[in-house]
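A short worksheet on the structure shown next.
Reminder, nothing fancy here: chain letters follow the sequence lines and each chain counts from 1.
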Amino acid sequence: MDKYEQVIELAKRRGFLWNSFELYGGSRGFYDYGPLGSTLKRRIEQIWREFYVIQEGHMEIECPTIGIEDVFVASGHVGGFSDPLCECKKCGEAFRADHLVENVMDAAGTLSAEQLTQVIKEKGITCPECGGEFGEAYEFNLMFKTTIGPGTGRQGYLRPETAQGMFVDFQRLSRFYREKLPFGAVQIGKSYRNEIAPRQGVIRLREFTQAECEIFTDPRDKSHPNFERFADRELMLYSQEAQEKGEPFRMTVREAVEKGIIAHEFLGYNLALTNEFLTKIGIDPTRLRFRQHLKDEMAHYAIDCWDAEIEMDRFGWVETVGIADRTDYDLKAHAKVSKTELYVYVEYDEPRMVTSFVVKPNMSKLGPIFKGKAKAVSEALKQLSEAELSQAEIKVTLDGEEVSVSSDMVEFAEETVKVSGEAIVPHVIEPSYGIDRIFYGTMEHAFEEEDVAAKEANSGLKGAGEAQEGDSETAVETEGKAEGEAEEETRLVMRFSSAVAPVQVAVLPLLTRKDLADPAKEILAKLREKNLLVAYDDSGTIGRRYRRNDEIGTPYSVTVDYATLEDKTVTIRDRDSMRQVRAPIEGIEDVLHELIYRGRNFESAGKPFNF
RNA sequence: GCGUUGAUGGUCUAGUGGCUAUGACUUGGGCCUUCCAAGCCCAAAACCCGGGUUCGAAUCCCGGUCGGCGCACCA
């Protein structure tokens, strides 16, 4: 049983993740988040908001998950988010049709499915596996289609990324931010890709959650106003060059930008911010690195792109965040399709005097004479030089036909005008997070199977230490077999940081008796008033309940015992050390709040109880 | 999408054609004056779906669904 299996097993059992539609047999590529999973995910998203919305000031927007066709025509998803596939009739193997014909012709990537089918037939291309004949090539588009409105309606698609919403709303956003670069907007929401073969649990879903941030920057200045904040932070970088050698290296953001490894400060800052976020939610820094896209893997419009990769036991290094400089590609694409200019007017520090030669055709005179051609004539006039325009009879050529225009029909002059700024199409810096993968990474990195006996010895815990001497032979056998019958002195612990833990405090009466339950319920109410995520648990022995809470990663447990009735104190147990302190009920909610949110030292929370 | 392999309570599992389907853990109710899985009593809970063969199918056959693995795919 590898770690993935263990984590998924626990996740299913404890209400983190379930296969969707299980009642009906399920469907690949869809997962439900159970009560704890849903809470954990929300808390991760909430911290993301704290980073990007509150700290960075990129406001959140919410766009429909269904988009109309134009949006995805502009973004390139209708045309490009698909691959021509072709299957062998004999062995059933599927191949990329364009790859099949690559050797016999150029520009195979530009052919349609019909053309590819044609070429494959003509050239007699057969299956490289079994030599069988190929069927027809077809386009497989990864977007989910839907119909908007009744009847034949209007073609719509479920969005394959949230990013397009921010691009489409660019003008509104620009106005909202009072037209000052840089500005950004974020969106957290579902996106959809009709993956051919989703696998690997929550790593590749057909419906998934993205948290994307689009920062519109001045293309001429990609320095970051707050660069110093992270300049001396060391990141594990796996640059293009490093990948050739297979050796990632640690380097400060400042040095990487100075050496040109990271394209510019803005990207460098965002890499560091991502690093900060991922470690904050509990990703192990030693299993986190930033890998630069290789030249051939980078989207054609990107200048530089880095993936934050998290190392997972079964899957190796998994891309969880993409941080790219998408340049002006998206805005230009939408400008073209929508026939609307998308830019920000940037004022110069000082207005500039610009001298230019200006031609002003007099349309009220040209019009009556040239009628339908007047527009073309005026355009042609604008192309002429001063010398040509100075003639009494000005000659212009329209479609090879020479036309003369009398000099009173056009004015021209060298003009000097004050220009106070220019229209700039911003470049987009995009950190794009795959929340589901990060969720799983958080689970796996928090997961630990721990030897309790050793733990008790190390922590100096008093009590049940002597329970059983696990004989060492058992341990050796367990290695090979992993069949549950070996006596295991282990506990499963999810070491969630208290920032993300779906349950922050468990309140446990030592025994199920009214005199213990009553004070426990009072404490429960006090903690809830403090907005803590609390669970009450009175079923089974106390040890079992501690284990249960270890498994779901509850950082602290409060236990009400008979001493509570005498001196109004309870014990607080720390999940990781398993140590307990005894503290008064009075003010317990503040103590726990400080432990959870203020990083208060556990042992300062009360008197040592079991160590 | 192809090949391969598997699917029994919440979890792990026994069962290879024959009564009410095995066991453990877990879970729920109760007992217990005391703190780190396995204390006591009681209870709940399963043969992936659809066809076929058969007097009879969890078991054999076919198809599907879901999971693992390999290939392909993942702009």
(Q) Can you measure A:Lys514 atom NZ to B:C32 atom P for me and round it to whole angstrom units? (A) 16 Å

Q.
Distance criterion of 3.5 Å, no angle test: do you see the side chain of A:Glu195 paired donor-to-acceptor with the base of B:C74?
A. no

Q. If you measure from the P atom in B:G6 to the same atom in B:G63, how many Å do you get, rounded?
A. 15 Å

Q: Can you figure out which of B:A75, B:C36, B:C66 approaches the side chain of A:His77 most closely?
A: B:A75

Q. Does the B:C73 base have a donor-acceptor partner in the side chain of A:Arg204 within less than 3.5 Å?
A. yes

Q: Look at the aromatic rings of A:Tyr157 and A:Phe72 and report parallel, tilted or perpendicular, splitting at 30° and 60°.
A: perpendicular

Q) Quick one: A:Leu492 CG to B:C36 C1', roughly how many Å, whole number? A) 14 Å

Q | C1' spacing across the pair B:G23 / B:G15, given as an integer number of angstrom | A | 11 Å

(Q) For the C1' atoms, the ones on B:A37 and on B:U27, what distance do you get once it is rounded to whole angstrom? (A) 15 Å

**Q.** Between B:A21 and B:C47 - C1' atom distance, rounded Å
**A.** 8 Å

Q. Do NZ/NE/NH1/NH2 and the carboxylate oxygens of A:Arg314 and A:Asp2 come within less than 4.0 Å?
A. yes

Q.
Over all strands shown, is A:Ile542 touching base, sugar-phosphate only, or nothing at heavy-atom distances under 4.0 angstrom?
A. sugar-phosphate

Q. Is A:Arg314 touching bases, backbone alone, or none of the nucleic acid, heavy atoms closer than 4.0 Å?
A. sugar-phosphate

Q. Of all the nucleotides listed (B:C36, B:G68, B:U33), which has the minimum atom distance to the side chain of A:Tyr4?
A. B:G68

Q.
Is it the case that B:C35 (base atoms only) and A:Tyr546 (side chain only) share a donor and an acceptor within less than 3.5 Å, ignoring hydrogens and angles?
A. yes

Q.
Both conditions, 6.0 Å and 45 degrees, for the charged tip of A:Arg495 above the ring of A:Phe447: are they met here?
A. no

Q: Describe the nucleic acid contact of A:Arg545 in one word from base, sugar-phosphate, nothing, applying a heavy-atom distance below 4.0 Å.
A: nothing

Q. Which part of the nucleic acid, if any, lies within reach of A:Thr512 when heavy atoms closer than 4.0 Å are counted: base, sugar-phosphate only, or nothing?
A. base

Q | N/O donor-acceptor pair, side chain A:Asp561 with base B:C35, under 3.5 angstrom | A | yes

Q: Using atom CG of A:Leu23 as one end and atom P of B:U65 as the other, report the distance to the nearest whole Å.
A: 18 Å

Q) For the pair made of CG in A:Asn19 and C1' in B:A7, what is the distance, rounded to whole Å? A) 13 Å

(Q) For A:Glu450 and A:Thr490: C-alpha separation, side-chain torsions, deciding distance, then whether side-chain contact (heavy atoms from CB on, under 4.5 Å) applies. (A) CA-CA 5 Å; A:Glu450 189 179 51; A:Thr490 57; over 6 Å; no

Q. Out of B:G10, B:U33, B:C36, which has the shortest distance to the side chain of A:Leu511?
A. B:U33

Q. How far, in whole Å, is B:A58 from B:U53 if one measures between their P atoms?
A. 16 Å

Q: State the pairing partner of B:A75; accept Watson-Crick or G-U wobble contacts with both distances under 3.5 Å, and report none otherwise.
A: none

Q: Provide the Watson-Crick or G-U wobble partner of B:A7, both distances under 3.5 Å; none if there is no partner.
A: B:U65

Q: Measure the distance from CG on A:Asp538 to P on B:C32 and round it to the nearest whole Å.
A: 14 Å

Q. For B:C47, what is the paired nucleotide under Watson-Crick or G-U wobble rules, both distances under 3.5 Å?
A. none

**Q.** Pairwise C1' distance, B:U59 and B:G1 [rounded to whole Å]
**A.** 31 Å

(Q) For A:Asp515 and A:Tyr24, find the nucleotide of RNA chain B closest to each by heavy atoms; which residue's nucleotide sits nearer the 5' end? (A) A:Asp515

Q) So which of A:Glu297, A:Glu311, A:Glu319 actually passes salt bridge (Lys or Arg N to Asp or Glu O under 4.0 Å) with A:Arg291? A) A:Glu297

Q.
Quick check on the 6.0 Å ring-centre criterion: do A:Phe16 and A:Tyr33 meet it?
A. no

Q) So, is A:Arg491 near the phosphate of B:C36, with a side-chain N or O under 4.0 Å from OP1 or OP2? A) no

(Q) If I pick the C1' atom on B:C36 and the same atom on B:C74, what distance separates them, to the nearest angstrom? (A) 46 Å

Q. Which base, if any, makes a Watson-Crick or G-U wobble pair with B:C35, both distances under 3.5 Å?
A. none

Q | Any A:Ser539 side-chain nitrogen or oxygen under 4.0 Å from OP1 or OP2 of B:G28 | A | yes

**Q.** Phosphate OP1/OP2 of B:C32 contacted by A:Thr541 side-chain N/O (<4.0 Å)
**A.** no

Q: Tell me what A:Glu5 touches on the nucleic acid: a base, only sugar-phosphate, or nothing, going by heavy atoms under 4.0 Å.
A: nothing

Q: Rounded off to whole Å, could you give me the CH2-to-P distance for the A:Trp18 and B:U11 pair?
A: 12 Å

Q | Side-chain N,O (A:Arg573) to OP1/OP2 (B:C36) below 4.0 Å | A | no

Q. Between A:Arg13 and A:Glu551, is a salt bridge (charged side-chain N to carboxylate O under 4.0 Å, His left out) present by the stated rule, with each step listed?
A. CA-CA 10 Å; A:Arg13 203 156 36 81; A:Glu551 278 196 11; 3.1 Å; yes

Q) Once you round it to whole Å, what is the distance between P of B:G1 and CG of A:Leu142? A) 14 Å

Q) Can a salt bridge be assigned to the pair A:Asp550 and A:Arg491 using a cut-off of 4.0 Å between side-chain N and carboxylate O? A) yes

Q. Salt bridge between A:Asp561 and A:Arg582, side-chain N to carboxylate O under 4.0 Å?
A. yes

Q: Between B:C35, B:A75, B:U33, spot the one nearest the side chain of A:Arg513, thanks.
A: B:U33

Q) Counting side-chain heavy atoms from CB outward, which of B:C66, B:C35, B:C36 is closest to A:Arg28? A) B:C66

Q. Using purine N1 to pyrimidine N3 plus N6-O4 or O6-N4 for Watson-Crick, or N1-O2 and O6-N3 for G-U wobble, both under 3.5 Å, which nucleotide pairs with B:G18?
A. B:C55

Q | 5'-most by nearest nucleotide on RNA chain B - A:Asp537 or A:Thr571 | A | A:Asp537

Q: Sticking with atom C1', work out how far B:A45 lies from B:G9, rounded to a whole angstrom.
A: 5 Å

Q) For the pair made of CG in A:Leu508 and P in B:A37, what is the distance, rounded to whole Å? A) 14 Å

